[in-house]
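Chain naming here is simple, since letters A, B, ... match the order of the sequence lines and numbering starts at 1 in each. Quick caveat, the model's predicted, so the values are computed rather than measured.
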Amino acid sequence: MIKGLYAAASAMIAGATRQEVLSHNAANMETPGFKQALISLDDFLHTPVVYPPGNRSGAGSLEFIGYHGLGVEATPETTDFSQGPLRETGEVLDLAIEGPGFFRLQTPDGERYSRDGRFLRNTAGQLANVDGYLVLGTTGQPIQIPEGSISIGQDGTITVNNQAAGRIGLAAFTDPETELTRDLPNAYAAAGAPTSQAVGNIQQGYLEYSNVNAAQLMGQMVSVARAYEAAQRMVQVQDELLGRSISQLGRL
Amino acid sequence: MSSSLFHILNISQSAMLSGLQDLDITSNNLANVNTVGFKASRGNFQELLEQRQLEGVRSSSTQLLLNQGSLRYTQNPLDLAIQGEGFFGVTLADGRTAYTRDGQFHLDGNRQIVSAGGQRLVWQGQIPATAEEVAVDPNGVVSTRQGATWTRAGTIQTYRFANPTALQGYGENLWLSTPVSGQAQAGAPNAGNYGLIRSQSVEASNVNIANEMTHMMSLQRAFQISTRAFQQTDQMISLAISLRRG
């Protein structure tokens, strides 16, 4: 019976973890380039259930019946890298990627990958993102942008006053869900070098918004609320049964 | 992943605080739809992670959107509009220089060119006492008329910044330079990358009402969802507390 108590409690803990991920997704519904975190539930630890032979004489060892789950846990979170909607902003250094690929950012911890295209030209004339990290070109070096009117082609080629000024580098992965991990705000770390050549188009004057689906999120939140409530009731029922068996068995 | 229920409340709270901040910026943009020389701002909000822990959202920066506003013709020769990049410099009461795109200038009693707010325009020259009329050409050259003769009185320089999106608002449609924007670089209008000056015109606000309204609507939806998440986490805390009955 203690097993049941812990199984019900594990459902409450898993419910809290799911709620955390959903709240984080809700908080970033309007963050450009944000990719929603996903979490699923899995049962952990099985224990074999055996049938005791009782007082039958001559019975052999315990009889195996099957496995009994001991509860549920939230799996480590993953990221949904599906395309978010593009919104037109008209800003010269707002860029969106249509299709696969990530912008390459230079950070103190090494190269990170992001879909957030809110860029600006810093005082040193280099292209940087809103967090101040430098955006890397196809050569793997920061991009120097001279003063003037900037135009960026779909392949990332930058021209300033009709003069070529470098090209924005994109990195693509064949399976970003397994190759990338959430590491810095809106930026991901890769296990190795980019594994794909297929990159999408860059759209100047657009931003890719978050891929959080509001309707889906609300649905998931309702199911978390009900599952949490049910688990809480189960803990109470288990507790009640345990209490009753202790008090009533003692009376015999 | 540890997830205290109270920590989840903080996530939703960060979203609600950011939402309010974003609403302030949007409201200010909408309030200045008809302000001459006004530039819309955008709140840049960013995912918040601490040691890879999900923490919600935070305000990263406020970005000045410097799209050109449309020019409106006026009859005042000292109504100046910049077409292209650049800012006028005006002197604040404390001696600092502030930068503006609001070119509604006029002559004060001391024959100084001053802005609508009364700050003196930074320029190189002097308006003679006998001047009857003033004119400014696209290159910033100020001329005055005495009788039938026009004479050159000086020039107006404009200022550019390495990263003008990071200028800091001072109020009254003025901006100050910041370490992130870089120092002001003075230059002659209509040369290099400096925009030209249009006399007898003002630059209208660059706020796009449709964009701001749509933004406000999606902001409201996002705020509602985070409020709902906050309430639900609160209910979950209450359920956890009431586990033990009697």
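- Side chain of A:Gln236 to backbone of B:Ser242: a donor-acceptor contact under 3.5 angstrom is found.
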When the side chains of residues 229-237 of chain B are checked against the rest of the protein, which donor-acceptor pairs come out under 3.5 Å, sequence neighbours left out?
from	atom 1	to	atom 2	distance (Å)
B:Gln232	NE2	A:Gln19	OE1	3.2
B:Gln232	NE2	A:Met221	O	2.7
B:Thr233	OG1	A:Gln19	NE2	2.9
B:Thr233	OG1	B:Ala229	O	2.8

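- Every residue was checked against the side-chain hydrogen bond (donor to acceptor under 3.5 Å, both in side chains) condition with A:Ser114, not counting sequence neighbours, and none meets it.
- A:Gln232 and B:Leu239 get closest at one heavy-atom pair: NE2-O, 2.8 Å.
- When every heavy atom of A:Pro185 is checked against every heavy atom of B:Leu49, the shortest pair comes out as N-CD1, 4.0 Å.
- You'll find the side chain of B:Gln63 stays beyond 4.5 Å of the side chain of A:Leu93, heavy atoms only.
- Within the 3.5 Å criterion, the main-chain N or O of B:Arg52 finds no donor-acceptor partner in the side chain of A:Asp183.
- With a threshold of 4.5 angstrom between heavy atoms, B:Ser61 approaches chain A through side-chain atoms but not through N, CA, C or O.
- The minimum heavy-atom distance linking A:Tyr228 with B:Leu5 is given by the pair OH-CD1, 3.5 Å.
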Does B:Asn193 form a side chain to side chain contact (heavy atoms under 4.5 Å, CB included) with A:Asn161? I'd like the steps, not just the answer. CA-CA 9 Å; B:Asn193 293 306; A:Asn161 290 347; 3.2 Å; yes

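- We find that A:Glu91 and B:Arg42 are not joined by a salt bridge, their nearest charged nitrogen and carboxylate oxygen being 4.0 Å or further apart.
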Could you go through A:Val130 and B:Gln46, starting from their C-alpha distance and side-chain angles, then the distance that decides it, and tell me whether this counts as side chain to side chain contact (heavy atoms under 4.5 Å, CB included)? CA-CA 8 Å; A:Val130 284; B:Gln46 185 64 290; 3.7 Å; yes

